[in-house]
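Take a look at the structure set out below.
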Protein chains: 2
Amino acid sequence: MSSAGRSLDGGSQVQVAAAAKGIPEATIARLPVYLRALTSLADRGIDTISSGALAEAAGVNSAQLRKDLSYLGSYGTRGVGYDVEYLRFQIGREVGSAHEWPVIIVGLGNLGTALANYSGFTSRGFRVVAMVDPSPDLIGKRIHGVAITDLADLEEEVARTGAAIAVLATPAEAAQAVADRLVYLGVTSILNFAATVLAVPDGVNVRKVDLGQELQILAYHEQRKSDDVQRELERGGTAQ
Amino acid sequence: MSSAGRSLDGGSQVQVAAAAKGIPEATIARLPVYLRALTSLADRGIDTISSGALAEAAGVNSAQLRKDLSYLGSYGTRGVGYDVEYLRFQIGREVGSAHEWPVIIVGLGNLGTALANYSGFTSRGFRVVAMVDPSPDLIGKRIHGVAITDLADLEEEVARTGAAIAVLATPAEAAQAVADRLVYLGVTSILNFAATVLAVPDGVNVRKVDLGQELQILAYHEQRKSDDVQRELERGGTAQ
DNA sequence: AGAAGTTTGTGAACGGTTGCACAAACTCCG
DNA sequence: CGGAGTTTGTGCAACCGTTCACAAACTTCT
Ligand SMILES: NC(=O)c1ccc[n+]([C@@H]2O[C@H](COP(=O)([O-])OP(=O)(O)OC[C@H]3O[C@@H](n4cnc5c(N)ncnc54)[C@H](O)[C@@H]3O)[C@@H](O)[C@H]2O)c1
Ligand SMILES: NC(=O)c1ccc[n+]([C@@H]2O[C@H](COP(=O)([O-])OP(=O)(O)OC[C@H]3O[C@@H](n4cnc5c(N)ncnc54)[C@H](O)[C@@H]3O)[C@@H](O)[C@H]2O)c1
């Protein structure tokens, strides 16, 4: 039960909910980066910026930035640039930070607790409205004024808070079962920290964050770097 | 100082160290996923698997899996499949989990501490050999037998441990300065958790993990889901 | 007002990634 | 031993994402 249309994930985090309107997935992934850069600029009192400067702040090519923004509309002025505050508003509206999203965290071990304590959450339009864990040691504890409740009460908590976004920080073995329950309860977005591939029906978006995977990608490149040095030494030493 | 060839990051995590040999970056990003699936299979006593079954476990298309593996060599047997243990060894060798990589963590607040406590680290070929933080409350504390040292001793710690991979979990404001020092000390791979764009010279690989970004991508899709419902209601109500 | 300078928005070319479809290579069974 | 069945490895075509390059639209200066 509950492993219908797949829509799995695996390395490339691309999966669309239904038939998309038009903005490419790659662009969507960059919008938050632009938003952060704009916020930083606004904080420093800058109110107009060119695509070149904003692109540099966001770490992308300026043509790419302009193309990305062009999917949202024509919010710049030729010969001038973009109004920081206005552009921020427009991207924010697109990304959905107009209203505050209620989020439920499942699993409050090492990682889940760190996430719950994280303040950067709030400033980006998310609020942790519920936290559940089966451990008696954790139930009742409060983080930022919200109490941890029993995993058994997951149903009530989701219903009570209306959270559509869940953060999964349980052991890998438990992740799929929890995800199934969440999906059944109407959760349609899951951020998965457990090192496992989640099967969810179509219409549910899953993004995974896998620290081990990231490190292994870095290790691969490290490996190649030392391989190269090795090869160079050999070439120098025993010149064929 | 120290912002030479850029090699920045921004949404799409693609950046190659030098001139790559041949394996596409997209494939490299999936190898750890395959590795994890193979380990899980091996634990369950399965010793042979077809591309179809492995692809399902990894959440990818079977043609893609076969193509990915073909970059490494011909490790399968037609009509049979892949030997789990052998394939695991081969991918592991490629990814660099043959030897254990020393890793230094900078910044041991909420997140850094959670990472340091994380055991899944070790099982994937990484060992936290040093942890530094400027806070007097943290210096001297031990996690898994390793003591937290003063940020001022960063130079000695990197030299002593020979770590080429660093994990950055400092506040965003401090990240660039720490990265500059790390790069100067010879660190060539950085996993960045701070919500900021790092500028590093060519030859240094940066991967970033940004929880806020991930949530905002999910929020975007949530937004569109409710937009769709909205539009449908309107269409039903005031049928033009 | 007109010319020179600046910067956006986008068509078009390019390069990388994915998935199909099928020959080649194997196993199994009669 | 030969034919049926299975599964890999890969050429190829479609797709997606990135970057170049330039006209259009604006500002500024004279
Ligand atoms: N800690 C890290 O830095 C880190 C990094 C990357 C990935 N992860 C992954 O994140 C997950 C959590 O890691 P952690 O270090 O916090 O582990 P942890 O063991 O500290 O915490 C797991 C928590 O989940 C709870 N739990 C157990 N069974 C549950 C269930 N069926 N439903 C809901 N909750 C349940 C436990 O009570 C515990 O509080 C793991 O899958 C881990 O692989 C952790
Ligand atoms: N906690 C999370 O769940 C979470 C999630 C996503 C991103 N982040 C990001 O990760 C980073 C760390 O988050 P956190 O919640 O652990 O913050 P934190 O404030 O709990 O920890 C930051 C740590 O960095 C140390 N530090 C301060 N200045 C430093 C410097 N110059 N060099 C080295 N260390 C320094 C501090 O002493 C502290 O221990 C932040 O950039 C945050 O935005 C955190």
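The model shown is predicted, which means the values in this text are computed figures rather than measured ones. Each chain gets a letter, A, B and so on, in the order its sequence line appears, and its residues count up from 1.
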### Query
Of all the choices, C/dT18, D/dT10, D/dT19, which nucleotide is nearest to the side chain of A/A63 once you look at every atom?
D/dT19
### Task
Report the nucleotide, chosen from D/dC26, D/dG9, C/dT17, that has the shortest atom-to-atom distance to any side-chain atom of B/P24.
C/dT17
### Whole-Å gap separating C1' (D/dT18) and CG (A/D68)
10 Å
### Query
How many Å lie between CG on B/L65 and P on D/dT8, as a whole number?
8 Å
#### Entry: Distance below 4.0 Å between B/N61 side-chain N/O and C/dT17 OP1 or OP2
no
### Task
Considering just the side-chain nitrogens and oxygens of B/Y71, establish if one lies under 4.0 Å of OP1 or OP2 belonging to C/dG16.
no
### Task
Would you tell me if any nitrogen or oxygen in the side chain of A/S74 comes within less than 4.0 Å of OP1 or OP2 on C/dG9?
yes
### Query
Can a side chain N or O of A/S51 be found less than 4.0 Å away from OP1 or OP2 on C/dT8?
yes
### Task
State whether A/S50 places a side-chain N or O below 4.0 Å from either non-bridging phosphate oxygen (OP1 or OP2) of C/dT7.
no
### Message
For a quick test of reading the model: is some side-chain N or O of B/R66 closer than 4.0 Å to OP1 or OP2 of C/dT18?
### Response
no
### Message
Given C/dC26, D/dT19, C/dT8, identify the nucleotide with an atom nearest to the side chain of B/R78.
### Response
C/dC26
#### Entry: Out of D/dC26, C/dT17, D/dG17, whichever nucleotide has its closest atom nearest the side chain of B/A26
C/dT17
### Query
Counting only heavy atoms not in B/R127, do more than 12 sit closer than 6.0 Å to its CZ atom?
no
### Message
At 4.0 Å (heavy atoms only), tell me whether A/Y75 reaches a base, stays on the sugar-phosphate, or touches nothing.
### Response
sugar-phosphate
### Message
Here's a test for you: under ring pair (Phe, Tyr, Trp, His ring centres under 6.0 Å), which of B/Y86, B/Y34, B/Y82 qualifies with B/Y75?
### Response
B/Y86
### Task
Return yes if the base of C/dG19 and the side-chain atoms of B/K67 contain a donor-acceptor N/O pair under 3.5 Å, otherwise no.
yes
### Query
Out of B/R207, B/R30, B/R124, which residue meets the salt bridge (charged side-chain N to carboxylate O under 4.0 Å, His left out) rule with A/D210?
B/R124
### Query
Just how far, in rounded Å, is P of D/dT8 from CG of B/D83?
13 Å
### Exercise: identify the closest heavy-atom pair between A/R88 and A/T39
NH1-OG1, 3.3 Å
### Task
For A/F126 and B/G212, work out which heavy atoms get closest and say how close.
CE1-O, 4.5 Å
### Task
Take atom CD1 of B/I28 and atom P of C/dT18, then tell me their distance rounded to the nearest Å.
12 Å
### Query
To the nearest angstrom, how far is A/E25 atom CD from C/dT18 atom P?
14 Å
## Note on the structure
When rounded to whole Å, the CD to P distance for the pair B/Q64 and D/dT10 reads 16 Å
